[in-house]
Structure formats: structure tokens, C-alpha cells
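Read the structure below first, then the notes.
Remember, it's a predicted structure, so these values are computed and weren't measured experimentally.
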Protein chains: 4
Amino acid sequence: MAEYNQKRKDILTSARSLFREKGFHNTKIEEIAAKAGVGKGTVYEYFTSKQEIFDETCIDKVAVIHDSLEEINSRNISFREKIEEMLSMKETNTEFAEASVDGVMTNKNIISKKVVLAMMNHVDDMYKIIVKMIDQGKEEGSVSKDVSSELIACLIVGASGEFVRFRHLNGRTVPMDKKTIINLLFNGFGVK
Amino acid sequence: MAEYNQKRKDILTSARSLFREKGFHNTKIEEIAAKAGVGKGTVYEYFTSKQEIFDETCIDKVAVIHDSLEEINSRNISFREKIEEMLSMKETNTEFAEASVDGVMTNKNIISKKVVLAMMNHVDDMYKIIVKMIDQGKEEGSVSKDVSSELIACLIVGASGEFVRFRHLNGRTVPMDKKTIINLLFNGFGVK
Amino acid sequence: MAEYNQKRKDILTSARSLFREKGFHNTKIEEIAAKAGVGKGTVYEYFTSKQEIFDETCIDKVAVIHDSLEEINSRNISFREKIEEMLSMKETNTEFAEASVDGVMTNKNIISKKVVLAMMNHVDDMYKIIVKMIDQGKEEGSVSKDVSSELIACLIVGASGEFVRFRHLNGRTVPMDKKTIINLLFNGFGVK
Amino acid sequence: MAEYNQKRKDILTSARSLFREKGFHNTKIEEIAAKAGVGKGTVYEYFTSKQEIFDETCIDKVAVIHDSLEEINSRNISFREKIEEMLSMKETNTEFAEASVDGVMTNKNIISKKVVLAMMNHVDDMYKIIVKMIDQGKEEGSVSKDVSSELIACLIVGASGEFVRFRHLNGRTVPMDKKTIINLLFNGFGVK
DNA sequence: TATGAATGAGCGTTCATTCAT
DNA sequence: GATGAATGAACGCTCATTCAT
């Protein structure tokens, strides 16, 4: 049974990396099987279809981020520090962009409706966690109470996603240290 | 000749909307033809392959945004007003998200290398225009000279993209009026 | 009317050379039209189908050879000289091989049944002319009366066809002057 | 593994007979599969393309003849007997004509360049074997040393090919017993 | 009459899925 | 359970033929 779960995980891991690298339609079941070190037929002992595998990797992606967020949020640190942690997480994790709203949209045509809904719920949850963090900031007095927390969450997610993508795009390097980014988010780019 | 160009455009329009709706691999040439009101073979009088059609819709997408940005930037208005215009543009134009960095990344596996490069150059150009706007803001004294213009551009693109996506995602509605968003970008969410 | 026939001939000439060069299935109507200097649609004013064009070029091929043979046979010269003429004809005319029995067999799958029959009749006729020549040789006392004229005809046609093909195959050059070949046919390769 | 080779052979056999019967372009992969008793997709488990199948049947054809010739030549019999054997072989083997020079020329437009070259080399080899036989005849004193062995080879191949074709062409029957043919080749049709 | 843009039947090939071993 | 050989539905693309101009 432990072995069963392990093999299942192997297949998902293999699939996830191939899907990311080549996209859904350019990834063949045979490749997933080979990379997972099993036979093609074996894949179908663990999953009923390629679709199901994809669905699951999508949900996984969101879940991974969700868990990280939960974990960060549960720490006994300030809002500012939590944001900093989030940025670190995102910086090393390409999956962040994919897991956020645009990940859902990008794959809308590939994932099954059911899973789109599930992902959207997950994204909702993630937004809720971030909103909680922001509310903590408001309580701590570091975040302005004049702006809706959801809007702020949107800003954080979108901006940090673009930072990641920007950096990944063709190895272009812009000086983007965390401190600067956080200052930018907190203070905006306007002259005071 | 005029008719030739018109039919070509019809096919591209049909293709663009189907690609957006169903993705590249789920869109059949036959559907593109039907929606454009022509026969399957006719498509190949205007394009040499499905790939070529896709490539062209991608470049188009970027070009459309690029032109809008150029146009906005050429107006004799303040930086703040330009940003406002950009947000309006984006708000009505789903293509914005697709045209920015993540549009390139999303389709990396589908578009031909050549076109990925072309798109990246376009994206570069777009960033350059936005950077110019920001520099105008710096000159006008409304934008802080302490932050790199590229970083600010990244913030604007990412955030506004996420706003669009967020809104489009399953009709969820958050109060996001332009003034609020612009204030958020200029002043951040930190307490002053 | 004269113009009509001329254009028809142009198309056939164009088709014949393309069919020879690239084969039936690799030759497109568009190419035939272009090489004949007419529009694609025009071809169908003169022929009802690609098949018909091919059929006609096949019959033509045989007819051309048939006419040459008739002409040679009608001359007031000896059998030996006639053979010599035939070899000259063949040497400069690739169509010979194609027009003989193996030309029919090669194209059996492409030409319509009706035309296969027509060609076979033509080939029959050609054989009859050659048989007549041989009979002349028998009368002249230069050809042995012990061998069936048809068998001899077969020898002449087959051998000279292979000489042509052999020479055309990849520009290989073997010394094959007419005198030697004719001696070989008359006397065989056996030691006397 | 034995089964693999068997199925591969089945497909080749099916293809060969269909190609012969209907030509390359009129033979559908589906037919080849059906005749071989397998599914369409299975064909592609054994070959990468229709072209490859065709190429292989072509090379096979030449190889079969090549082997027969080698075998005949290796026997401890006189040149005259070897020729007799060759004629017998050809009489039962339609592939002979296809395997000789004109087989290569006929399919020049269909086979891949690479395989045309390979076939031409095979044909070269076949000619070399026949030349060896002829040289044996010269040594035995039955073949005239005054004629180039290559020319004689050409005569033998061409003539015997035409005999085969002539006979196969629509069931026409001419009295062509081996002895007569061999006498014709050795002594020619001239009066001594 | 001449044209070439439009057409769609037809085919080679791919690949997710099945099932006998 | 594990496998991979076998399968056939599905789709991109070609090109002979048609027909409006």
C-alpha cells in the first residue's frame, strides 16, 4: 500500500514536470511512464486517463502553494515578514504563477470543468489566507485600512507573479531584491 | 486583393476566438474554416499550416497592445493619466494578459521558436514604452526616482494583469475602480 | 481551331515531360498548366481529367514509336540497315523503353483499362512491324529461318531497351557502338 | 521476437503484393494492414512510414534476385547451364524485371534517393555476377572473347526480361522454350 | 473562352487507451 | 499487479476538380 502510493506519486511527479516543460498535448503517456520508471500500461493502474493525471497535477500545484501559505501564515511573525516569506517562496517556485488565477485561466480549456471549479475554490482559499495576512497588517498598523484587503491581495499576487515570470523569461536579470519590492508594495512609486 | 485581405482577416479572427476559447490543440482547422465561412481547403490558400495561423494570432495580440501603448504614450497627457488610460485599455481587453510576459510563457511550447523570439522582442518594446511613461512621471515629479523604472513597469503590468484575470475568473466581482487602483499603485498599501 | 489544337498539344507536351520526370502521382495539374503556359482551369477545357491526359500521353508515346517504325520499315533498305536505324532511334529516344511491353506493364495500375488495351494493341502492331522486318531479313537470306520471328522481335526489343536504360542509369558509360550491338544480335556471343 | 519478425514479414508481404498489384500511390496503409491481418496503427509499430515499407520491398526484390544469382553462380556447372538456370529463375519470378535496371528507373520518383542508390549498387553487383559467369564462359571457350562481357550481360538481362514481360502481358503465349532462347543468345539470329 | 479561388474527399500518421500475457 | 503490443478514432494537409467571373 505504501508502495502503491509511492508509485502513484512517482507518476504524478513525472507528469507534472513534463506538463510544465512541454505542455499537456505535447506530453505523451509513454513519456510520463518512462520518466516514472514504469510501463505504459501501469499508468492506467493508477489513473483512469491522461486527463485525470493532469487534473491532479493542477490541484496539486495549488495545494502545494496553499500549504506553504498556510504554513507561513501560521508563523508568529509580522505581516511584513510574512510578505517577505511569500516573496522568497515565489522566487524559488515557478509554480506560483501557475497556481494563481492565471494558472486556472491558462488551463481552463484543458482541465475538466470539475477540476476548474476545485482549483477556483483553492484559489479562493489562497486569497482568503492572504487577505487574513493583510488584515493582520491592518491590525498591526502597517497596512492602510482605506484599501480593500482583496484588492491588496490582488496586487501582491499579480505583481510578484510578474516578477517571477519576468525573471524566468529568457534569463533577463533585473535587480529585484526583496527589500526593494516590499518597499515598492508598501509605499508605491509615487513621490511622497 | 481587398477581398483577399478581408478573407485572410476573417480566418484569423475566427482562429483567434477559437484558440482563445478552446486552446490550440482543441481547435480543428475545420472549425476555423466553418466559423470563417469558408471551406477547409480555403484556409490553406491563405496560410501554410495551423501553426502559422497560431503564430500570427499571437503576434497580432502583442501588436494590438503594442499599438495601443504607443498611442497612449504619444498623447500629451500626464503620466498619471496615461496609467489611467492603460488600465481602461486593459479592463476591456482580455488580450492584455495574454500579450504580456506570461502570454509568451504560456504558449512557449506551442508557438514556433521564431515567433517566441518575435513576441519577446515585442514584449521588450512594450516594456520600453511603459518605462518611458514612468520616466515621464519621474520628470513630472510624481514618480519616485529611487525605484528602477523597470521594476515599476513590472509592478504595473503584473498587478493590472491580475486585476483583469481576477475579474474575468468566473464573473467574480470586486470593487476595483480605477482611482483606487491608481492610488494603490502610487502610494502602496502601507500606512503613511 | 488551329489554336485549339496547338494549345491541346502544348498541354500534352508539358504533361508528358512532367510525367516522365516525376511520375503520375507527383505531377500536379497546376504544374502541367504552368509549364504549358495556361491557367489551371484551362486544362479542363481540353481534357476531362488528369487520367485522360495521362492516357493520352501513353498512347502518344506508343504512337510516336509506331510511326517511326512504320517509317523505317517503309524505306527501301535492307533488314540490317533497318535494325541499325531502330537502334539509332532508340538511342536518342528514351520513350522507346516506355513504349514497349514493359511500359505497358509499368503503368498498368495508372492507366485506365481501356487504354491499357489500346496500348497493347499498339504494341501488338509494333511487334507486327518488327516481325515484318525480320521476315524481310529471312527473305534476304540474312536471318535464320529456324527461329520464330516473334522470338527474335522480343530479343531485339528487350535487348535494345536494356541498352538504353543501362546507359541512362546514372550516366554510366559502356562502349556500345551500333556495329558491335548488331553483330552481337546477329551472331550471338557464342564461339563459332 | 520470433513473432515480431513474423509480423513484420507479414506486413512486408502484404505490402509487396499490393504495391505490385496497384502501385505505390493506390495502395492504402489501411489495405496493407487489413491484408496482413493487423490494425492500421500496428503497421507503424513495425515501420515508420509508408515510404519505408516501399523502400524495403524494393530492396528485398533486388536482394532476392541477387541471392538467386549468387547461388546459381556458385554451382559447379558450365556457363551454358548457368544461363539456363537464370532463365528458369526468371520464368517463375516476375520480380526479375522489377529488380533489373528498369525496376530502378520505374520507381526512381517513388523510392527515396538513398534507396535508389542502394538498389543501383545491388544492380551493379548483379551485373558483376553475370559478368563473372560470362567470363567463365569465355574461359570455357563457349563465349566469344571479342565482345565485352558487360555488353553481353546487358543483352541477357534485357532479352530475358522482355521474354518474361511479353509472356506476362495479358496471357499471350509464344513458344519460347529455353533451348531455343539459349541458342538464339549464343548464335544470334543471323544465317551462318 | 480562360481563369484561379474555393472546395472537400481522401489519406498518412499519431497517440490515448485496452487487454492478453 | 505490471506490461507493452495492438488498436482505431481523430486530424492536419493535399490536390483534382468545379464554377463564378
Side-chain angles (χ1 to χ4, degrees), chain A residues 1 3-4 7 24-34 36-54, chain B residues 1 3-4 7-8 11 24-34 36-54, chain C residues 3-4 7 11 24-34 36-54, chain D residues 1 3-4 7-8 11 24-34 36-54:
Chain A
M1 194 55 193
E3 200 201 336
Y4 177 90
K7 209 164 265 187
F24 179 75
H25 289 285
N26 296 318
T27 299
K28 294 171 219 152
I29 289 287
E30 196 155 14
E31 296 172 315
I32 295 175
V38 300
K40 205 187 340 175
T42 308
V43 171
Y44 285 86
E45 297 290 326
Y46 293 85
F47 301 90
T48 65
S49 68
K50 186 185 180 186
Q51 185 65 69
E52 195 193 40
I53 301 176
F54 188 72
Chain B
M1 194 54 193
E3 202 198 335
Y4 176 90
K7 205 161 270 185
R8 199 169 194 284
I11 294 171
F24 179 75
H25 290 285
N26 296 318
T27 299
K28 287 168 256 187
I29 288 288
E30 203 156 9
E31 294 172 317
I32 295 175
V38 300
K40 195 176 13 157
T42 306
V43 172
Y44 287 89
E45 296 283 327
Y46 295 84
F47 301 92
T48 64
S49 67
K50 188 185 180 185
Q51 185 65 68
E52 195 194 40
I53 301 176
F54 188 72
Chain C
E3 201 200 335
Y4 177 88
K7 209 164 266 187
I11 294 171
F24 179 75
H25 288 285
N26 295 319
T27 299
K28 292 172 217 149
I29 287 288
E30 197 156 11
E31 296 172 314
I32 295 176
V38 300
K40 205 188 339 176
T42 307
V43 171
Y44 285 86
E45 297 289 326
Y46 294 85
F47 301 91
T48 65
S49 69
K50 188 185 180 186
Q51 185 65 68
E52 196 193 40
I53 301 176
F54 188 72
Chain D
M1 194 54 193
E3 202 198 336
Y4 176 89
K7 204 160 269 185
R8 200 169 192 285
I11 294 171
F24 179 75
H25 289 285
N26 296 317
T27 299
K28 286 168 257 187
I29 288 288
E30 202 157 9
E31 295 173 316
I32 295 175
V38 300
K40 194 170 18 151
T42 307
V43 171
Y44 287 87
E45 295 283 326
Y46 294 85
F47 300 92
T48 64
S49 68
K50 188 184 180 186
Q51 185 66 67
E52 194 194 40
I53 301 177
F54 187 73

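Considering only side-chain atoms of B/K40, the nucleotide from E/dC11, E/dG10, F/dA16 that sits closest is E/dG10.
Across all strands, A/Y4 comes closer than 4.0 Å to no nucleic acid atom at all (heavy-atom distances). Counting non-hydrogen atoms under 4.0 angstrom, B/V38 reaches the backbone sugars and phosphates but no base.
Between the CD1 atom of C/I53 and the C1' atom of F/dA16 there is a distance of 10 Å, rounded to whole Å. Across the protein-nucleic acid pair, C/F24 atom CZ and F/dT14 atom C1' stand 15 Å apart, rounded to whole Å. Here E/dT7 presents its P atom at 16 Å from CD of C/E30, a figure rounded to the nearest Å. Rounded to whole angstrom, the span from the CZ atom of C/F47 across to the P atom of F/dT18 amounts to 16 Å. Between D/K50 atom NZ and E/dG10 atom P the separation is 15 Å, expressed in whole Å. A straight line from CD1 of D/I29 to C1' of F/dG12 spans 17 Å, rounded to a whole angstrom. One atom, CD1 of B/I32, and another, P of F/dG12, lie 8 Å apart when rounded to the nearest Å. Atom NZ in C/K28 sits about 12 Å away from atom C1' in F/dC13, given to the nearest Å.
For the atom pair A/E45 CD and A/Y4 OH, the distance stands at 8.5 Å (nearest 0.5 Å). A distance of 10.5 Å separates NZ of C/K40 from NZ of C/K28, quoted to the nearest 0.5 Å. With rounding to the nearest 0.5 Å, the separation of OG1 in D/T42 from CZ in D/R8 is 14.0 Å.
Scanning both residues, B/I11 and B/A36, for their nearest heavy atoms gives CA-CB, 3.9 Å. Nearest heavy atom pair, residue A/E31 against residue A/N26, reads OE1-O, 3.6 Å. Counting all heavy atoms, side chain and backbone alike, C/K50 lies closest to C/H25 at NZ-CA, 4.1 Å. Minimum interatomic distance between D/Y46 and D/K7 (heavy atoms only, all atoms of both residues): OH-CD, 3.4 Å.
For D/Y44, the side-chain contact (heavy atoms from CB on, under 4.5 Å) partners at least two apart in sequence or on another chain are D/I29.
Where A/Q51 and D/T27 each meet DNA chain E at their nearest nucleotide, the meeting point lying more 5' is that of D/T27. Residues D/T48 and B/K7 each lie close to DNA chain E; by heavy-atom proximity, the contact nearer the 5' end of the strand is made by B/K7. Positionally, the nearest nucleotide of DNA chain F for A/Y46 lies more toward the 5' end than for the other of B/S49 and A/Y46.
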Name the pairs: protein N/O against N/O of nucleotides 19-21 of chain F, kept only if under 3.5 Å.
none

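For A/E30, the CD atom counts as loosely surrounded, since its 6.0 Å shell holds 12 or fewer non-hydrogen atoms of other residues, nucleotides or ligands.
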- [ ] Could you summarise the pairing of DNA chain E as dot-bracket text, marking Watson-Crick and G-U pairs under 3.5 Å with ( ) or [ ] inside the strand and | across strands?
- [x] .||||||||||||||||||||
